[in-house]
Amino acid sequence: MKQIKKWRFVGIPLILLAGIAILLIGCSQEGFDGSRVKNPDSYLLDIDSMNGTDLHTLELQEGDVLKIHFETVRGSMYMDIKAPNGTTVYSGNGKELTDFTVNISESGVYTVVVEAKRAKGIIQIQLREERST
C-alpha cells in the first residue's frame, strides 16, 4: 500500500511534466517546406509552406543597396529588416510592393525577420554590386 502511494506522489507528476514537455516541443517547432539559402550578401526563402519565424543577418556598409523581391502567394508573411541600432528600415507583407530596393545608411549588422502563417511565397534579398553615392 505504501508503494502505491509513493508511486502516485512521484510518478503522476513526472508523467504530467513529460506530457507538458512534449506539448511545448510540438508547439515550438516551425514548419518549413521549400528552399532556404543564407549567404553573407544574400537571403532566399522559396516557400511552399511555412509556419513560424526565420532570421538572417547581413553585414552591410553605408551606401549599400539591397535589391528585394518579396511576394506572398498564400497565407500571411511579414518581413522586417532592422538596422544595427534596432530601427526598422523596411516592414511589409509582400502583397502591395513586390520588387523594390532598400538603401543602407549605416554600416553594421542588419537583421531580417520573416514571420509566416500557412504561407507560400518568395523572399529574395541580394546586395547590389554597385553602391549608391
Any side-chain heavy-atom pair of [X] and [Y] under 4.5 Å:
X: Thr53; Y: Val113; value: yes
X: Tyr78; Y: Val114; value: no
X: Val109; Y: Pro84; value: no
X: Asp48; Y: Lys120; value: yes

Check whether any side-chain N or O of [X] sits under 3.5 Å from a backbone N or O of [Y] as a donor-acceptor pair, and report yes or no.
X: Asn85; Y: Thr87; answer: yes
X: Thr101; Y: Lys67; answer: no
X: His56; Y: Ser42; answer: yes
X: Asn51; Y: Gly31; answer: no

>> Hydrophobic clusters here meaning ILVMFWY residues chained together by side-chain heavy-atom distances under 4.5 Å, can you tell me if Phe100 and Leu58 are in one?
In response: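 Result: yes, single cluster for both.
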> With hydrophobic residues grouped by side-chain heavy-atom distances under 4.5 Å, do Tyr43 and Leu55 end up in a single group?
Replying inline: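 Hydrophobic grouping puts Tyr43 apart from Leu55.
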Locate the shortest heavy-atom distance separating [X] from [Y]; write the atom from each residue and the value.
X: Glu62; Y: Ser105; answer: CG-O, 3.5 Å
X: Ser76; Y: Ala119; answer: O-CB, 3.6 Å
X: Ser91; Y: Asp80; answer: OG-OD1, 2.6 Å
X: Thr111; Y: Thr57; answer: OG1-CG2, 3.8 Å

Enter the distance from [X]:[atom1] to [Y]:[atom2] here, rounded to the nearest 0.5 Å.
X: Ile123; Y: Met50; atom1: CD1; atom2: CE; answer: 7.5 Å
X: Ile125; Y: Tyr90; atom1: CD1; atom2: OH; answer: 9.0 Å
X: Leu66; Y: Leu60; atom1: CG; atom2: CG; answer: 5.5 Å
X: Ile81; Y: Ile104; atom1: CD1; atom2: CD1; answer: 7.0 Å
X: Leu44; Y: Gln126; atom1: CG; atom2: CD; answer: 9.5 Å
X: Arg118; Y: Arg74; atom1: CZ; atom2: CZ; answer: 10.0 Å

> Quick one: do the Lys82 and Thr88 side chains pair a donor with an acceptor below 3.5 Å?
Replying inline: yes
> Do Phe70 and Met77 pass the side chain to side chain contact (heavy atoms under 4.5 Å, CB included) test, and can you show the C-alpha distance, the side-chain angles, and the key distance before you say yes or no?
Replying inline: CA-CA 9 Å; Phe70 178 21; Met77 279 198 309; 3.7 Å; yes
>> For Met79, run the side chain to side chain contact (heavy atoms under 4.5 Å, CB included) check against Leu45, Asp54, Ile68, Asn93 and tell me which one passes.
In response: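 Of the listed options, the one satisfying the test is Ile68.
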>> Looking at Lys38, I'd like to know if its NZ atom is crowded, meaning that more than 12 non-hydrogen atoms belonging to other residues, nucleotides or ligands lie closer than 6.0 Å.
In response: yes
>> Before you tell me yes or no, could you show the steps for Tyr110 and Val89 under side chain to side chain contact (heavy atoms under 4.5 Å, CB included), namely the whole-Å CA-CA distance, both residues' side-chain angles and the distance that decides it to 0.1 Å?
In response: CA-CA 9 Å; Tyr110 285 70; Val89 296; 4.3 Å; yes
